[in-house]
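What follows is a single structure, written as structure tokens, with notes after it.
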Amino acid sequence: MAKQFEGTLEKIDDYRWRIPRDESYGMVTEGIVFADEELMKDLRTDAALTQVQNVACMPGIVGPSMAMPDCHYGYGFPIGGVAAFDLNEGVISPGGVGYDINCGVRLLRTDLEEQDVRGKLQELTDSLFREIPAGVGEKGKIQLDEKELRRVLERGSEWAVTQGYGNENDLEVTEDGGFIEGADPDAISDHARERGRPQLGTLGSGNHFLEIQCVDRIYDDEAASRMGILDEGQVTVMVHTGSRGLGYQVCDDALKQLQRAAQKYGIDLPDRQLACAPVDSPEGESYFAGMACAANYGWANRQIITHWMREAFERVLGRGISQIGLQLVYDVAHNVAKFEEHEVNGRRQRLCVHRKGATRCFGPGREEVPERYRDLGQPAIIPGDMGTASWLMLGTDEAMQLTFGSTCHGAGRTMSRTAAKKRQHGREVQSELEGRGIRVRSAGLKTLAEEASYAYKDVDRVIGVTDRVGLSRRVARMRPLAVVKG
DNA sequence: ATGTTC
């Protein structure tokens, strides 16, 4: 477990801080933290800075160990961490991805205005809550046999669309087309697959949610309209969930395996939680193949949930989907490791980029960005905490230079779940939200207390830092009308 | 995040 930060922290400018390379600590590179003074106040007493420093000790890291402005303490790596590794000398690490592999967000736009749904909000929320199972350990409506599950793990969203859950457009505007190549169902344990079989199409718990929102403010009319965001008051829908018990199990299994592998390869690290193996080792390759399975499961999960959301809207509003227009704007992961090409010291290099609580936001022109958006840059969807705003952003050239094309992933916790629960009961949190006109349905009051707004940093401030540093630029801000929680 | 301390 990482301790309170005792290293040196230098202020570079209003939004950037450096942890200089300290060879006596074992650092092989520097750490860079993106934050303003206010966000740094919380971070100074957070062991997350030690974790930034620890990641800077990992073999084969290319560029700095980085922390986004929503950074906070996590398992081994900080949440909000970005680290890239050389494919020959570098490592791959489950702690750099997190337990919820391919936790991610998707944004859908509609042809509805706030007044079209105001009177139906309770009914819509109830319907979503009924149709999409939510809560820890919750099982879904789909029972997959082993063979079908393997197809899910190999093809992600593409499998879901083939089964009738969604359409071609959904795949076009999902990061990586909804699945990563290289997934091998035999690379994960029987137990992981068993956990995955009954859970496809479930929301889960924690910070996962479904939200009915409306556009609060548009910052770039042209970019917004290209993404189907046409005016303020327009209704949008957001899905935030991941790979459920399967991803958790893949991570847990891999941590044990890679702890042994780290010893075997003589990798000496300041924290056991940084368990890793060389990218090109059998253990490293096996983790990637398993992680890719969980990533694909996460995409299929969000895709199936999207299908049921469309059905719920149709039923409650009594109109066909063509009159509702629930089209996917984009879907992006914020917990994943990927092989990508970047410019390093003036030449192209393939790297293994770990993003944990960080969102890929490639700049304009990259082939990974869907053709439709390629000249704009990669959309990044940043959910706020419960009851506050969420953001639609775009990737930038600056992000390519500074963060291997990465930005923040949300508000970021500032209070532990335990501390949050002590402050208020879930009932109070719920009644405050309802008092502000936000409908709430939750599988558990405990989760509501853990996820209360006061337990998070200010998402608008976090977004402000990314915008001013140039890690991503503002397109639109959405505010919640109704939320469904696990 | 997680059938939440296998």
Side-chain angles (χ1 to χ4, degrees), chain A residues 1 48 51 70-81 93-105 133-140 143 188-210 239-257 259-260 272-273 290-291 293-295 297-299 301-302 305 332-337 354-359 383 385-386 409-422 426 442-452 455-456 484-486:
Chain A
M1 293 262 289
Q51 296 186 314
D70 52 339
C71 171
H72 61 103
Y73 186 75
Y75 183 95
F77 288 58
I79 295 168
S93 175
V97 172
Y99 271 90
D100 192 5
I101 297 165
N102 192 7
C103 185
V105 200
V136 175
E138 201 57 36
K139 294 186 165 80
Q143 269 296 339
I188 71 173
S189 66
D190 294 345
H191 185 41
R193 288 198 304 279
E194 279 306 311
R195 287 185 71 169
R197 284 211 297 139
Q199 281 194 323
L200 200 60
T202 64
L203 185 62
S205 183
N207 63 1
H208 292 167
F209 65 75
L210 308 174
V239 182
H240 181 199
T241 183
S243 54
R244 310 287 289 102
L246 181 137
Y248 179 96
Q249 197 60 47
V250 168
C251 177
D252 207 41
D253 292 340
L255 282 167
K256 286 174 201 131
Q257 283 159 9
Q259 246 147 28
R260 286 194 298 272
R272 268 173 61 87
Q273 295 187 349
M291 185 217 67
C293 287
Y297 186 97
W299 273 309
N301 193 33
R302 291 196 288 277
I305 287 173
V332 66
H334 52 227
N335 276 12
V336 80
H354 294 60
R355 295 187 184 87
K356 179 192 195 176
T359 311
D385 53 275
M386 191 169 53
H409 86 304
R413 289 199 87 86
T414 185
M415 198 184 271
S416 73
R417 291 176 192 279
T418 321
K421 273 183 287 196
K422 280 181 187 154
S442 173
L445 286 169
K446 203 173 74 177
T447 305
L448 285 184
E450 288 173 353
E451 294 300 319
Y456 281 85
V484 174
K485 293 289 294 179

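Lettering follows sequence order; numbering is per chain, from 1.
- Distance K256(A) NZ to dC6(B) C1': 7 Å, rounded to the nearest Å.
- Among residues two or more places apart in sequence or in another chain, the salt bridge (Lys or Arg N to Asp or Glu O under 4.0 Å) test is passed with K421(A) by E450(A).
- Regarding Q259(A), its CD atom lies at a distance of 17 Å from the P atom of dC6(B), rounded to whole Å.
- Between N102(A) atom CG and dT2(B) atom C1' the separation is 16 Å, expressed in whole Å.
- For N335(A) (side chain) and G357(A) (main-chain N/O), a donor-acceptor pair under 3.5 Å exists by modelled atom type.
- Among the protein residues, H334(A) comes within range of no part of the nucleic acid, since none of its heavy atoms lies under 4.0 Å from any strand.
- Going from atom CD of Q199(A) over to atom C1' of dT2(B) covers 9 Å, rounded to whole Å.
- Applying the ring-ring contact (aromatic ring centres under 6.0 Å, His included) test to H334(A) and every residue at least two apart in sequence or in another chain returns H240(A), H409(A).
- Residues satisfying the ring-ring contact (aromatic ring centres under 6.0 Å, His included) criterion with Y456(A), sequence neighbours excluded, are absent altogether.
- Backbone-only contact: E451(A) has heavy atoms under 4.0 Å from sugar-phosphate atoms and none from a base.
- Partners of Y75(A) by ring-ring contact (aromatic ring centres under 6.0 Å, His included), not counting sequence neighbours, listed by chain and number: Y99(A).
- Separating the CG atom of D100(A) from the P atom of dT4(B) is a distance of 15 Å, rounded to the nearest angstrom.
- Between D252(A) atom CG and dT4(B) atom P there is a gap of 11 Å when expressed in whole angstrom units.
- Here R244(A) pairs with nothing under the salt bridge (Lys or Arg N to Asp or Glu O under 4.0 Å) rule; sequence neighbours left out.
- Contacts between residues 241-251 of chain A and DNA chain B, counted as heavy-atom distances below 4.0 Å, involve R244(A), G245(A), Y248(A).
- In this structure, E194(A) reaches neither bases nor backbone, as no heavy-atom distance under 4.0 Å exists between it and the strands shown.
- Among the atoms of the strands shown, none is found under 4.0 Å from any heavy atom of G98(A).
- Between D100(A) and H208(A) there is a side-chain heavy-atom pair separated by less than 4.5 Å.
- As rounded to whole Å, 11 Å separates atom P of dT2(B) from atom OH of Y297(A).
- Here dT2(B) presents its C1' atom at 13 Å from CD1 of I79(A), a figure rounded to the nearest Å.
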